[in-house]
Amino acid sequence: MQRSCGRRIRELGRRQGPVPLTYLSPGMGGDPASPPGPESRLPSCPLPTPVLSFPLRRPESQHAKGCLMADWKISALLAGKAPVGETVTVKGWVRTRRDSKAGLSFVAVHDGTAFDPIQVVAPGSLPNYAGEIQRLTTGCAVVCTGVLAASQGKGQSVEIQATNIEVLGWVEDPETYPVQPKRHTMEYLREIAHLRPRTNTFGAVARVRNCLAQATHRFFHENGFYWIHTPIITTSDAEGAGEAFRISTLDLANPPRTPEGGIDWSQDFFGREAFLTVSGQLNVEAFCCAMTRVYTFGPTFRAENSNTSRHLSEFWMIEPEIAFADLSDDADLAEAYLKSLFRAVLDERGDDMAFFAQHVEPEAVSRLEAFVDTSFERMTYTEAVDHLGKAKKAFEFPVKWGMDLQSEHERYLCEELCKRPVVVMDYPKEIKAFYMRLNDDGRTVAAMDVLAPGIGEIIGGSQREERLEVLDARITEMGLDLQEYWWYRDLRKYGTVPHAGFGLGFDRAVNYVTGVKNIRDVIPFPRAPKLAEF
RNA sequence: UCCUCGGUAGCUCAAUGGUAGAGCAUGCGGCUGUUAACCGCAGGGUUGUAGGUUCGAGUCCUACCCGAGGAGCCA
């Protein structure tokens, strides 16, 4: 069933015709326009080589050149991609060293390509054994060459019988090297954000995060979406999505003034006030109303003084937008997308997920498996309020129609009442943004929140108001300036169509998948109030 | 930003208002195809910061800084 990349590209080029509102899972391939079957499956191209070198070199080609060694990814060696007896070289960092005075040392080396390190057996006969090998400590950078062998000990299938170990980088003061081969708290690791990628926990988080990002692009690509690079800098601060960071090149100590005494922004870099984006949605709607299926995936900035385990000042958001679609289509998309993400992690990062299940969150794997197999519960806001009113649980805040749901209410719905992800739809218009489509009842809008057990609101979305006169009324009603939205309103003047979309907090998705509780521990270098050291 | 709890060795944590300690890590020695190895010895401290109460403060009080949990804002 393996197919060449070239043939696959030709086949993709042939695809035409309508794309129905059904969603494929990444890796499953398949053309929705044709009946499902083996022929429609398009396996993704296998990664071409287990070696780490770039440009890519296969071990065989090196042999052909008379070279006896090749650089291997540790993940490939642990996966049995190299034959026992092969001479291999790995490059990485020491996790632990255990000595045997009988004349050998065991060095666990990791290179970030897999959760597990590989065991390098260093015999006492190495010329630098006493001088260097026995001085190796956690964190040293090494190049190890030797013969791949079936392990004599327990705990690993293969190991490297070293014939040469070169130490490239020493740890200059092992006593104060912050990463020790022991359990560290996440709070401590956060203070050494430049070194925490070397820990097994954060390495696993980084690989899972990458897997989710790749799976995101794969899902949208395979379903006919275009990735739109919406701007980071915006001149609109009235998007209703929270406080924005101002950007300016004016001299803060001595800014130009208007006659009235205010700051004269017309002399600033962009000739007007400018901010970091709080959402790419409004911009991506312009491309949606031209290209049908689009999405953004990039950083987003909020200047809120939020000190919680769920908020960052700089975070990554994914915002798909689909034309000729309503709220129900939007919910379908959210469900298909989330399931494809989690399926990818289960398929591709079993080693890391096993670690999370063992040490971080016992349910990490089982709840993802359940997630991809069960459909989301769906209910209207009005039904949700009903359920909450009948709940035997005592809430700190009373439930009343018209009020926004509190965290405790959302948790009850998905964790206790339904025990699965829940999509709550059709909220009172007073508590939602101006661009959400007014329902026929006149008092609710076509908004939805996806609530996931253990993480809360992971997706917020809506059908957009495509009727100009209704949109204008909502903008005015909420005290906003019509003129500020002139180009957004143009989209309704010229060939308007029903469309919908949502925003997924990417970092929150990583929280959910890994079971890591704090959002500051699933992003490489977190930014939050009073936190921008690295 | 609000409420609650916390900050002691490189890390994780003990210590009734009365001599600051353990495990791990590090160094040295011992032992072993080891598995966060194990055994022995050693070094390692302005108890978050600044004040205050007291004969005496890690411990009590005040302010500030930092962290955690919860809340608000939201993704």
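Order of the sequence lines fixes the chain letters, A, B, ..., with proteins taken first and strands second; residue numbering starts at 1 for each chain. Computed over heavy atoms, backbone and side chain alike; hydrogens, waters and symmetry mates excluded.
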Tell me what Gln161(A) touches on the nucleic acid: a base, only sugar-phosphate, or nothing, going by heavy atoms under 4.0 Å.
base

Using OP1 and OP2 only, check whether a side-chain N or O of Thr137(A) sits under 4.0 Å from U26(B).
no

Would you tabulate the side-chain donor-acceptor contacts of residues 201-208 of chain A under 3.5 Å, counting partners in other chains and residues two or more places apart, or write 'none'?
unit_1: Arg207(A); atom_1: NE; unit_2: Asp352(A); atom_2: OD1; d: 3.3
unit_1: Arg207(A); atom_1: NE; unit_2: Asp352(A); atom_2: OD2; d: 3.0
unit_1: Arg207(A); atom_1: NH1; unit_2: Gly112(A); atom_2: O; d: 2.8
unit_1: Arg207(A); atom_1: NH2; unit_2: Asp352(A); atom_2: OD1; d: 2.9

Sidechain N-carboxylate O distance under 4.0 Å for Arg196(A), Asp521(A):
yes

Under 4.0 Å, heavy atoms only, any strand: does Arg97(A) hit a base, just the sugar-phosphate, or nothing?
nothing

Qualifying ring-ring contact (aromatic ring centres under 6.0 Å, His included) pairs, either residue in residues 503-534 of chain A, two or more places apart
His194(A)-Phe534(A), Phe297(A)-Phe506(A), Phe342(A)-Tyr512(A), Phe371(A)-Tyr512(A)

Write down the distance between CD (Glu408(A)) and C1' (A71(B)), rounded to a whole number of angstrom.
10 Å

Provide the distance between the two C1' atoms, one in U62(B) and one in G43(B), to the nearest whole Å.
38 Å

Could you measure between the two C1' atoms, the one in U8(B) and the one in A57(B), and give it in whole Å?
13 Å

Separation of U35(B) P from Ile118(A) CD1 (nearest whole Å)
19 Å

Considering every strand and a 4.0 Å limit on heavy-atom distances, what is the contact class for Ile459(A): base, sugar-phosphate, or nothing?
sugar-phosphate

Picking from A71(B), C66(B), G33(B), the nucleotide nearest the side-chain atoms of Phe106(A) would be G33(B)

Rounding to an integer number of Å, can you tell me how far Glu533(A) CD sits from G67(B) C1'?
15 Å

Phosphate OP1/OP2 of C73(B) contacted by Asn305(A) side-chain N/O (<4.0 Å)
no

Salt bridge Lys432(A)-Asp426(A), side-chain N to carboxylate O under 4.0 Å
no

Helical stems, RNA chain B - three or more consecutive Watson-Crick or G-U wobble pairs below 3.5 Å:
B:1-7 with B:65-71, B:10-13 with B:21-24, B:26-30 with B:38-42, B:48-52 with B:60-64

Between C38(B) (P) and Arg98(A) (CZ): distance, integer Å
11 Å

Would you mind building the protein contact string for nucleotides 8-14 of chain B? One character per nucleotide, 5' to 3', B for base within reach (heavy atoms under 4.0 Å), S for sugar-phosphate only, - for untouched.
--BBS--

Once you apply a heavy-atom cut-off of 4.0 Å, does Glu159(A) come out as touching a base, just sugar-phosphate, or nothing?
base

Arg310(A) side-chain proximity, nearest of G72(B), C73(B), A68(B):
C73(B)

Can you tell me how far P of C73(B) sits from CG of Asp404(A), to the nearest Å?
6 Å

Does the pair Glu430(A)/Arg443(A) count as a salt bridge with the N-to-O cut at 4.0 Å?
no

Using side chain to side chain contact (heavy atoms under 4.5 Å, CB included) as the criterion, list what pairs up with Thr382(A), not counting sequence neighbours.
Thr380(A), Trp401(A)

Contacts of type side chain to side chain contact (heavy atoms under 4.5 Å, CB included), residue Ala370(A), not counting sequence neighbours
none

When rounded to the nearest Å, what value does the distance between C1' atoms of G7(B) and G45(B) take?
15 Å

Validation row, ring centre His387(A) to ring centre Tyr412(A) under 6.0 Å:
no

Among the candidates G72(B), G33(B), C74(B), find the nucleotide nearest to the side-chain atoms of Arg302(A).
C74(B)

How many Å lie between CD1 on Ile519(A) and P on G69(B), as a whole number?
12 Å

Are any of the side-chain nitrogens in Glu314(A) or Arg302(A) under 4.0 Å away from the carboxylate oxygens of its partner?
no

According to a strict under-4.0 Å criterion, is Asn518(A) in side-chain N/O contact with OP1 or OP2 of G69(B)?
yes

Same-atom distance (P) from U59(B) to G67(B), integer angstrom
22 Å

